[in-house]
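So that the names make sense, note that chain A is the first sequence line, chain B the second, and so on, each numbered from 1.
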Amino acid sequence: MSELADEYRLEYFEEEGFTRKECPTCGNHFWTRDETRETCGEPPCEEYDFIGNPGFDEEYSLEEMREAFLSFFEDHDHDRIDPYPVAANRWRDDVLLTQASIYDFQPLVTSGETPPPANPLTVSQPCIRMQDIDNVGKTGRHTMAFEMMAHHAFNAREDADAEYAYEGEVYWKDRTVELCDTLLEEMGADIADVTYIEDPWVGGGNAGPAIEVIYKGLELATLVFMCMEQDPDGEYELKDGNTYSYMDTYVVDTGYGLERWTWMSQGTPTVYEAIYPEMIDFLKDNAGIDHTEEEADLVARAARLSGNLDIDDVDDVEAARDDIADQLGVSTAELRDLVEPLEDVYAIADHCRTLAYMLGDGIVPSNVGTGYLARMVLRRTKRLCDNVGVDAPLDELVDMQAERLGYENRDTVRDIVRTEVEKYRETLERGGRRVESLAEEYAEKGEPIPRAELIELYDSHGIQPDMVEEIAAEAGADVDVPDDFYSLVADRHDTSEAVEEMTEDEDARFGDLPETEKLYYDDQQRTQFEAVVLDVFEREEGYDVVLDQTMFYPEGGGQPADTGTLSTDDTTVEVTDVQIEDDVILHRTDEDPGKGEFVNGQVDAARRRQLMRHHTATHVVIHAAREVLGDHVRQAGAQKGVDSSRIDLRHYERLTRTDIKEIERVANEIVMENTAVTQEWPDRHEAEAEHGFDLYQGGIPPGEQIRLIHVDEDVQACGGTHVARTGDIGSIKVLSTERVQDGVERITFAAGGAALEATQDKEDALYEAADILDVSPPAVPETAERFFEEWKDRGKRIEDLKEQLAEARAGGGGDASEVELDGTTAVVDRIDADMDELRATANAISEDGKIAVIGSGLSGAQFVVSVPDGVGVNAGEVVGELAAKVGGGGGGPPDFAQGGGPDVEALDDALEDAPAVLQNVLNA
RNA sequence: GGGCUCGUAGAUCAGAGGUAGAUCACUCCCUUGGCAUGGGAGAGGCCCCGGGUUCAAAUCCCGGCGAGUCCA
């Protein structure tokens, strides 16, 4: 780290009379104004010094602190920007949740590709860190949901070779520290007590010097100076073992924990009491937690002690509890009884805030992605509520936080929570029954429930081991929960799968070619154009033709490529596929049109028109779905086609027939309104500011300018081709829906001619069915039901008759031959009937005390042998021998067996041999 | 995106190649002055759908549909 030591010699530190020291306990270097200071000030080197002794002049609520921070930076020439959603996958596809304010600007702004929305800027960014989930409530300072307040400045080196979206230096390390220092001073902090610890930062492929800001034992901020990137040839080796080198861009990335600043201003025992006191009060009240003054005092002292310890995971908390109890002079059990319900309450408040953020930002619970994370948090919260005895409905609790956070879609959020809680209740019920029967089974055997069952219960049925323990205890069964339970589960998910990285061979061939001019954006209705063939590349099959300009749309955004022809005076070649690589459009053709030729391009107009209809229709359908189902609905994927298209929507319930009809109605209304479909190329940040991230339904495009498509009130970032007016779509018909994942519904629909065709096909099916039933189409359902009922009735009647027939047969008559066999009569008969009838007949005969050997040649040769009680003939063996004679096999229990074979010809002979076979078996 | 589990009577579930089962609910009868209850009888199944293997598939294999769950 010494490599970066020089980075910390700031003029600001010098001017302000700071000295650099090394902490004798942890060895970290830090800067302080206080020459007498020894340690770095951060736990465990020092204790919290603000609990009951706030470090700022005034007490601030969460909202007040946020405002104080943002306006301070506004006063110091920063632009305040609105926070981004917590669902980071709304604008980037490499992460799920927003975990820091800098996420808002990655990767395009930090790399210098696009400019920041303002420079410098300040923001208070809601974040969610799931990693800390186990610590929440227990350590007094961990929260899963938090706001990272920040000021950012984006700088680019003056001497940089490449062009960046921002240039020059806004400010760098000195000014950053100065701003932080000034803010602390203005808040009334004793700045002599503030330490700045050197702590180089590495993460996500970037690195740089960083400073932790510690005050009264609490880390209030981290100032990161991102200026290096991972580089195999880099000259700096940092703590992750990789080498790094300096970048052309360098970014001030700060993080001030809103919750911690609020806490510091209040000096409450835990952070939770500082940030949502009303909710904590409500929950305590609801759970019936009521402490005497003495107990409250004990809790406060315990909180302070646990805060002072270096606790980074729950195991430590448990271990530390003995210590703390000891120091307080109470028993560990006593302390636990007092503190644990509080810990649950704290966690519930935090989790509800997390859920409010997630669901408020449109995350729909699911078994995948962010939806799964939301589901996990929700279930955990529900368990905590049940555990501590909070009986207020969860949707109400989440709503309390959603209201605080100012979400407008609170009804939807509540609806989602209710649906999810109900789903969870069902899962628990199902699981409970499962565990009960399992527990009884093992209790009877006197064995503990084995691990394999336990893992199975969790992995396949979502039942936590502690729940198994609880239920098993009631049934009197033991459970062996291994300590490493969750890693055993992980082992079950074989991780050995080879990650097959599809390494498309990087085509360097096109590097020198100019960007192909995209005519299809100029006039989306035209299909004919002229161009010059710039180059032709031979492929395994066919050619890649590069033109100077083209009307052919390359595959992208879920829209398939155009097809068509390229013609010269001499020849016409077929374009079968079109791809784009680094702005160069490749026309895959069957023949070589000739480099340097002038070509006349003709796009298959009918196909393109259908694709355009479907593309615009996709926008219309998603807009209609949002109108019908709610604003949380988002596109999870789409594929356009010629005959039909499909769109995947995030929604928390199955789509009903009513939903679909309504979506169809709204969609077709938009079609009938025949409004213009328009495109524009606004600046990215302006577009985001005006329309929000709902723009990115179909993915996140790169670049400074993005293309927006307006269809009615719907606005989406989109690179596809569209019809000119919604009326050009013709009509939209939903063909089918399916649930592609939990929380993701796929709608397949057709537009234009395809919609008509699809409707006609479906009608044909109905007409045909009506024709077969010889009724009119509207009468089909009723008639079908009647037929089905009658069919079932007849089946039963036939069953019945077969029984009667069998009894009649057994009563004698027919041409059955009877043989005497050691005191028992055996009946051998051939009745060409199905297995059911054979069985019934054989049963009827053996009920009369006779052995039955019945054969049938109806489908193959089949036998049934039935032996009455107390007769020592093994039916299975008899059938086995008989079946062998017809080239097959058979078997069954000793009193009733079935068998057969393909050789019908040999059936009669086999039956003739039956008495001998019976004799053999009897003698055996 | 991947793994795993499950689809059988109205409900909850057994059955794991060889005759489709239990419990509750339902209908009727008996016990009772009536109710709780108790006793008995009965009705109710395209064993999710489609292929395959087999003499024989609810059962085994493949595919589809539906549901659940764990992980990234």
Asks: Please measure how far the P atom in B:G68 lies from the corresponding atom in B:C13, and state the result in whole Å.
Replies: 14 Å
Asks: Could you please name the partner base of B:C26, counting Watson-Crick and G-U wobble pairs only when both distances are under 3.5 Å?
Replies: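 Paired with B:C26, as far as the under-3.5 Å criterion goes, is B:G42.
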Asks: Return the value, rounded to whole Å, for the distance between atom CD of A:Gln898 and atom C1' of B:U59.
Replies: 14 Å
Asks: Under 4.0 Å from OP1 or OP2 of B:U69: is there any side-chain N or O of A:Arg379 that close?
Replies: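 Yes, because at least one side-chain N or O of A:Arg379 sits under 4.0 Å from OP1 or OP2 of B:U69.
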Asks: Between A:Glu782 and A:Arg786, does at least one N-O distance fall below 4.0 Å, as a salt bridge requires?
Replies: no
Asks: Using whole Å, report how far CZ of A:Arg430 lies from P of B:C6.
Replies: 14 Å
Asks: Is the CD atom of A:Glu441 crowded by more than 12 outside heavy atoms at less than 6.0 Å?
Replies: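 It does: A:Glu441 CD has more than 12 such atoms within range.
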Asks: Counting only N and O atoms by type, is there a donor-acceptor contact under 3.5 Å from the side chain of A:Asn874 to the main-chain atoms of A:Glu877?
Replies: yes
Asks: Select one nucleotide: of B:G1, B:G45, B:C65, the one nearest the side-chain heavy atoms of A:Lys792.
Replies: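 Selected nucleotide: B:G45.
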Asks: Could you say whether A:Ser437 or A:Arg434 is positioned toward the 5' end of RNA chain B, judged by the nucleotide with the nearest heavy atom to each?
Replies: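 Nearest nucleotide further toward 5': that of A:Arg434.
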Asks: Quick one: look up who B:U32 pairs with, Watson-Crick or G-U, both distances under 3.5 Å, and put none if it's unpaired.
Replies: none
Asks: Hey, is the side chain of A:Arg739 poking within less than 4.0 Å of OP1 or OP2 on B:G68, counting only N and O atoms?
Replies: yes
Asks: Could you tell me how far apart A:Tyr486 (OH) and B:G3 (P) are, to the nearest whole angstrom?
Replies: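 From A:Tyr486 OH to B:G3 P: 23 Å.
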Asks: Planes under 30° and centres closer than 5.5 Å, is that true for A:Phe896 with the base of B:U19?
Replies: yes
Asks: Checking base pairs now: Watson-Crick or wobble, both atom distances under 3.5 Å. What partners B:G21?
Replies: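 Here B:G21 is engaged in a pair, and the nucleotide opposite it is B:C13.
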Asks: Give a yes/no verdict on a cation-pi contact between A:Arg90 and A:Tyr84, requiring under 6.0 Å between NZ or CZ and the six-membered ring centre and an angle within 45° of the axis.
Replies: no
Asks: Which whole number of Å gives the distance between the C1' atom of B:A57 and that of B:G15?
Replies: 14 Å
Asks: Distance check: side-chain N/O of A:Lys796 vs OP1/OP2 of B:G45, anything under 4.0 Å?
Replies: yes
Asks: Which nucleotide sits closest to the side chain of A:Thr427: B:G18, B:C4, B:G68?
Replies: B:G68
Asks: Using the closest heavy atom to pick a nucleotide of RNA chain B for each, name whichever of A:Asp793 or A:Gln862 lands nearer the 5' end.
Replies: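 Of the two residues, A:Asp793 wins.
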Asks: Does the base of B:U69 carry an N or O that pairs as donor and acceptor with the side chain of A:Asn367 under 3.5 Å?
Replies: yes
Asks: For the backbone of A:Tyr103 and the side chain of A:Arg92, can you confirm whether one donor and one acceptor N or O come within less than 3.5 Å of each other?
Replies: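 Indeed, once roles are kept as given, a pair shorter than 3.5 Å links the two residues.
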Asks: Looking at every strand, decide which applies to A:Val879 at a 4.0 Å heavy-atom threshold: base, sugar-phosphate, or nothing.
Replies: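 It contacts nothing in the nucleic acid.
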Asks: Anything under 30° is parallel, anything over 60° is perpendicular, the rest tilted; go ahead and classify A:Tyr696 against A:Phe693.
Replies: tilted
Asks: Please name the nucleotide paired to B:U54 by Watson-Crick or G-U wobble geometry with both distances under 3.5 Å, or report none.
Replies: none
Asks: Of the nucleotides B:U19, B:G68, B:G66, which has the atom closest to the A:Arg839 side chain?
Replies: B:U19
Asks: Any strand counts, and the cut-off is 3.5 Å on both contacts for Watson-Crick or G-U wobble. Which nucleotide pairs with B:A67?
Replies: B:U5
Asks: Spell out, as yes or no, whether a donor-acceptor pair under 3.5 Å connects the side chain of A:Thr98 to the backbone of A:Pro85.
Replies: yes
Asks: Is any side-chain nitrogen or oxygen of A:Arg654 closer than 4.0 Å to OP1 or OP2 of B:A67?
Replies: yes
Asks: How would you label the contact of A:Phe788 with the nucleic acid (heavy atoms, under 4.0 Å): base, sugar-phosphate, or nothing?
Replies: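 Here A:Phe788 touches the bases of the nucleic acid.
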Asks: Does a side-chain N or O of A:Arg433 approach OP1 or OP2 of B:C13 to a distance below 4.0 Å, or not?
Replies: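 Checking A:Arg433 against B:C13: at least one side-chain N or O falls below 4.0 Å of OP1 or OP2.
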Asks: From C-beta outward on A:Glu456, which listed nucleotide comes closest to its side chain: B:C70, B:U5, B:G68?
Replies: B:U5
Asks: Tell me whether the side-chain N/O atoms of A:Lys423 come closer than 4.0 Å to OP1 or OP2 in B:A67.
Replies: no
Asks: Using a cut-off of less than 4.0 Å, is there contact between a side-chain N or O of A:Arg375 and OP1 or OP2 of B:U69?
Replies: yes
Asks: Under a 3.5 Å limit for both distances, which nucleotide forms a Watson-Crick or G-U wobble pair with B:A72, could you say?
Replies: none
